[in-house]
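Just below is one structure, and these are the notes that go with it.
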2 protein chains.
Amino acid sequence: MKTKKNNHTDTICAVDYAFQRIGGKHKGRVIYQLRNGIKRYGELRRLVTGITAKMLTQVLRELEDDELITRTVYLEVPPRVEYELTDTGRELLPFIRLLADWGKQQMEKEIIAE
Amino acid sequence: MKTKKNNHTDTICAVDYAFQRIGGKHKGRVIYQLRNGIKRYGELRRLVTGITAKMLTQVLRELEDDELITRTVYLEVPPRVEYELTDTGRELLPFIRLLADWGKQQMEKEIIAE
DNA sequence: TACTATAGATACCAATTGGAAACTATTATT
DNA sequence: AATAATAGTTTCCAATTGGTATCTATAGTA
């Protein structure tokens, strides 16, 4: 789900709008991993399992364009880059938690059903 | 986001799991439009703006496979088919509402910023 | 007889998304 | 001199997703 430079204005429905900003395969998980504060690129790479470098970078850039996270580059060698949720991004946490709770319940149900 | 016949079991993360079930371009809005009870296919077609017949059918089938909605066919002519949220689907409503609220706020902010 | 309504199916095509592998730059370490 | 660490980029390819247009069935209506 590509979000092209904050062009959500053509959307009318708030639900649709929200999905455009946090949809996509990994965005939810990246936001979730930033829930307790700053994380470095490499940490996210390890925490968000199954993601490739390319995708992680892409997702982070989209979230940054959407002003849900900030990106801070330290001019060191080797390089250090830190990511953090913005206020707007943090507003999404309650909802991600709700979703995670629901997901957990459902996963448990599925295991029982097997 | 294709959900192939309830194969969410390979997922470990609850957030990821949840996104697999309600991600995709239109799923959120379809669920949202079913919030007040039964809707017919044609009603959804009109309510979920910008969706094609093919996509609506596809989304509805996926939601059905995932047991988030039920599908009831009446053998009449012309045909009548009704869709309704299951209990599991209804559990998602608070979260969709939260998301909608957030989206609405953000959209208002964007308008002000222009 | 032709048209309408309803809920799709189907075939084909285009765009988007995601992934693998190789490559970059610089400093410190072995 | 080779290797490791970090945060990427680039290219190419495959899979997924979404869209357009056309077609189906049946009864009632004009």
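All values below were derived from every heavy atom in this structure, side-chain atoms included, with hydrogens, water molecules and symmetry-related copies excluded. Each chain gets a letter, A, B and so on, in the order its sequence line appears, and its residues count up from 1.
- When rounded to the nearest whole Å, the span between CD of E64(B) and P of dA7(C) equals 15 Å.
- In this structure, L60(B) and Y83(B) have side chains that are in contact, with non-hydrogen atoms separated by less than 4.5 Å.
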query = Where do V15(A) and Y17(A) land on the side chain to side chain contact (heavy atoms under 4.5 Å, CB included) test, with the steps shown first?
reply = CA-CA 5 Å; V15(A) 175; Y17(A) 170 94; over 6 Å; no
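- Within the structure, salt bridge (Lys or Arg N to Asp or Glu O under 4.0 Å) contacts touching residues 89-103 of chain B (residues at least two apart or in different chains) are D87(B)-R90(B).
- Regarding I38(B), its CD1 atom lies at a distance of 17 Å from the C1' atom of dA7(C), rounded to whole Å.
- With axes fitted over five pairs at each extremity, the angle between the ends of the helix from dT1(C)-dA30(D) to dT30(C)-dA1(D) is 30° (10° resolution).
- Annotation: side chain to side chain contact (heavy atoms under 4.5 Å, CB included) contacts of T88(A) (sequence neighbours excluded): R21(A), L68(A), T86(A), W102(B), Q106(B), K109(B).
- Taking atom OH of residue Y74(B) and atom P of nucleotide dA7(C), one finds them 12 Å apart after rounding to whole Å.
- The CE-P distance, from M55(A) to dA15(D), rounds to 17 Å in whole Å.
- In this structure, D16(A) atom CG and dG18(D) atom C1' are separated by 14 Å, rounded to whole Å.
- For the pair L56(A) CG and dA20(C) C1', the computed distance is 16 Å after rounding to whole Å.
- Look at K25(A) and you won't find any side-chain N or O under 4.0 angstrom from OP1 or OP2 of dT16(D).
- Screening residues 31-42 of chain B for side chain to side chain donor-acceptor pair (under 3.5 Å) gives Y41(B)-T57(B) as the qualifying pairs, with residues at least two apart or on separate chains.
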task = Starting at the 5' end of nucleotides 2-13 of chain D, put B wherever the base has a protein heavy atom under 4.0 Å, S where only the sugar-phosphate does, and a dash everywhere else.
result = ---BBSSSBB--
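- Listed here is the closest heavy atom pair of G28(B) and I96(B): O-CD1, 3.9 Å.
- For the pair L75(B) CG and dA27(D) C1', the interatomic distance rounds to 14 Å; values are reported in whole Å.
- Taking atom CD1 of residue I51(B) and atom P of nucleotide dG8(C), one finds them 12 Å apart after rounding to whole Å.
- Residues in residues 68-81 of chain A take part in these salt bridge (Lys or Arg N to Asp or Glu O under 4.0 Å) pairs, two or more places apart or across chains: E76(A)-R80(A), R80(A)-E82(A).
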ask   = Run the side chain to side chain contact (heavy atoms under 4.5 Å, CB included) check on T70(A) and L85(A) step by step: do they pass?
value = CA-CA 6 Å; T70(A) 56; L85(A) 288 176; over 6 Å; no
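- How far CG of L44(B) is from CD1 of I51(B): 8.5 Å, rounded to the nearest 0.5 Å.
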